[in-house]
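What follows is a set of notes on a single structure, which appears directly below.
Per chain, numbering begins at 1; letters A, B, ... match sequence-line order.
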Number of protein chains: 2
Amino acid sequence: MGKIRETFRRYLSDKGLKSTQQREIILDEFLRAGSHLSTEELYLRIRRQHPNIGYATVYRTLKLFSECGIAEEHNFGDGQTRYESVAGEEHHDHLICTGCKRIIEFEDPRIESLQDEVARLHDFKILDHRLELYGLCSECRQK
Amino acid sequence: MGKIRETFRRYLSDKGLKSTQQREIILDEFLRAGSHLSTEELYLRIRRQHPNIGYATVYRTLKLFSECGIAEEHNFGDGQTRYESVAGEEHHDHLICTGCKRIIEFEDPRIESLQDEVARLHDFKILDHRLELYGLCSECRQK
DNA sequence: TGTTTCCATGAAAATGATTATCAATCTTGG
DNA sequence: CCAAGATTGATAATCATTTTCATGGAAACA
């Protein structure tokens with residue numbers, strides 16, 4: 001956790017960017033809030049205790065987290081960008097229930113290495129990937 | 001190809017929707033135009049010969065193709081929805097070059113079945129999935 | 001063929017997510 | 001402490017998408 005803050009601070013410093021109170025507050029809340037958070041959700045949480053922090057600032061700061069590599073952006077088709085922290089986690093993929101919108105994370109090294117193989121076959125160097133499985137969880141299937 | 005048109009016609013009829021000239025024209029151009037086409041790209045193509053067809057109509061009709069199952073929607077992160085026809089093709093996945101924006105299609109049954117296994121493990125029934133590998137093609141890597 | 005119903009159209013307006021603008025503030029380095 | 005310039009917050013602008021609405025037209029029926 002401290003490592004994330006340190007990474008962010010170093011990124012700012014290296015890029016000649018500033019470490020502001022607002023950025024610290026947004027990072028704190030982002031790390032506390034859990035995964036797959038939309039910009040608006042985070043903004044609403046922050047506003048409770050820090051009504052002076054503006055929506056645009058939250059927006060910009062989340063994008064900065066993403067550029068810095070401490071967060072990943074996801075678009076699961078609902079028109080909202082969601083962010084999650086990379087804290088303590090390896091890359092993972094997502095199962096999304098189209099019924100209840102629940103998001104389940106998974107990882108399968110076998111899939112990862114097959115992806116690498118596909119890329120090699122096409123002489124591609126992979127920088128990023130997304131694997132999202134959309135379907136119905138057991139509960140939604142019973143309804 | 002004629003199967004696609006028939007599928008679309010039957011869908012319209014089953015749903016009590018109308019088969020209009022505009023829809024036929026849009027379908028023709030869509031099928032002719034090739035893959036991974038954005039709404040605007042298709043609209044510009046259609047406008048050349050049919051300047052009376054409006055942008056909103058192209059929009060709506062592409063969405064209708066997607067609902068009907070004769071086209072698939074993709075979002076590769078550039079803010080534009082792209083459509084491709086399902087004509088004659090099995091489901092496939094995408095390699096996207098972040099340099100030149102080239103899109104390469106691939107399919108790997110081994111990955112598909114690992115996905116099924118992951119879903120089963122979480123008691124999910126998959127309805128749809130997306131696998132997108134982002135990276136650099138050999139040409140962009142030389143620049 | 002004519003009539004009726006109601007879906008679809010086209011253009012423009014509206015919507016919502018995202019980005020840009022700008023005066024004021026603040027952080028950081030010297 | 002001061003200067004430089006990044007950042008802020010509120011608002012305006014932008015963009016993809018959707019909605020609105022008067023009019024047109026497809027399809028079903030007689």
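In this pair, A/His92 and A/His74 present their aromatic rings tilted. The plane angle is within the 30 to 60° band.
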In residues 10-22 of chain B, what donor-acceptor pairs under 3.5 Å come from side-chain atoms, sequence neighbours left out?
{"residue": "B/Ser19", "atom": "OG", "partner": "B/Glu24", "partner atom": "OE2", "Å": "3.4"}
{"residue": "B/Thr20", "atom": "OG1", "partner": "B/Arg23", "partner atom": "N", "Å": "3.2"}

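Between A/His94 and A/Phe76, the ring center distance clears the sub-6.0 Å criterion.
Taking for each of A/Tyr59 and A/Ser13 the nucleotide of DNA chain C with the nearest heavy atom, the 5'-most of the two is the partner of A/Tyr59. Between B/Arg60 and B/Thr39, it is B/Thr39 whose nearest contact on DNA chain D lies nearer the 5' terminus.
The closest donor-acceptor contact from the side chain of A/Thr7 to the backbone of A/Lys3 lies under 3.5 Å. In this structure, the side chain of A/Thr57 does not engage the main chain of A/Ile53 through any donor-acceptor pair within 3.5 Å. Side-chain atoms of A/Asp78 come within 3.5 Å of backbone atoms of A/Gln80 as a donor-acceptor pair (strictly under, hydrogens ignored). In this structure a side-chain-to-backbone donor-acceptor pair under 3.5 Å is present from B/Glu41 to B/Ser38.
In the model, B/His36 has a side-chain atom that pairs as donor or acceptor with a side-chain atom of B/Glu105 under 3.5 Å.
Rounded to an integer number of Å, the gap from A/Tyr43 OH to C/dT18 P is 15 Å. To the nearest angstrom, P of C/dT9 lies 11 Å from CD of B/Glu24. Rounded to an integer number of Å, the gap from A/Leu62 CG to C/dA17 P is 14 Å. Atom-to-atom, CG of A/Leu42 to P of C/dA17 comes out at 15 Å; the value is rounded to the nearest Å. Atom OH of A/Tyr55 and atom C1' of C/dT21 are 18 Å apart (whole Å). Atom CD in B/Gln21 sits roughly 13 Å away from atom C1' in C/dA8 (whole-Å rounding). In this structure, A/Leu12 places its CG atom 18 Å from P of C/dC26, rounding to the nearest Å. Atom pair A/Glu67:CD and C/dT19:P shows a separation of 10 Å (rounding to whole Å applied).
Under the rule for a ring pair (Phe, Tyr, Trp, His ring centres under 6.0 Å), A/Tyr83 has no partner lying at least two apart in sequence or in another chain. Listed by chain and residue number, A/Arg5 satisfy the salt bridge (charged side-chain N to carboxylate O under 4.0 Å, His left out) test with A/Asp28 (two or more places apart in sequence, or in another chain). Listed by chain and number, the residues in a salt bridge (charged side-chain N to carboxylate O under 4.0 Å, His left out) with B/Asp93 amount to none (sequence neighbours excluded).
If you chain together ILVMFWY residues whose side-chain heavy atoms come under 4.5 Å of each other, A/Leu127 ends up grouped with B/Leu136.
Of the charged side-chain nitrogens involved, none lies within less than 4.0 Å of a carboxylate oxygen, so that B/Arg82 and B/Glu72 do not count as a salt-bridged pair.
Between B/Leu37 and B/Phe30, the shortest heavy-atom distance links the atoms CD2-CD1, 4.5 Å.
Residue pairs meeting the ring pair (Phe, Tyr, Trp, His ring centres under 6.0 Å) criterion with at least one member in residues 113-143 of chain A, sequence neighbours excluded, are A/His91-A/His129. Sorted by first and then second residue, the salt bridge (charged side-chain N to carboxylate O under 4.0 Å, His left out) pairs with a member in residues 55-64 of chain A read A/Lys63-A/Glu73; sequence neighbours excluded.
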For nucleotides 12-14 of chain C, list the nitrogen or oxygen atoms of the protein found under 3.5 Å from its nitrogen or oxygen atoms, one pair per line.
none

Detail all sub-3.5 Å separations between protein N/O atoms and N/O atoms belonging to nucleotides 2-7 of chain C.
{"residue": "C/dC6", "atom": "O2", "partner": "B/Lys18", "partner atom": "NZ", "Å": "3.1"}

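Residues from residues 68-83 of chain B with heavy atoms under 4.0 angstrom of DNA chain D, sorted by number: B/Gly79, B/Gln80, B/Thr81.
In summary, contact between chain B and DNA chain D, defined as any nucleotide atom under 4.0 Å from a heavy atom of the protein, begins and ends at D/dA16 to D/dA27 in the 5' to 3' direction.
Taken over five-pair windows at either terminus, the axes of the helix from C/dT1-D/dA30 to C/dG30-D/dC1 are inclined to one another by 30° (rounded to 10 degrees).
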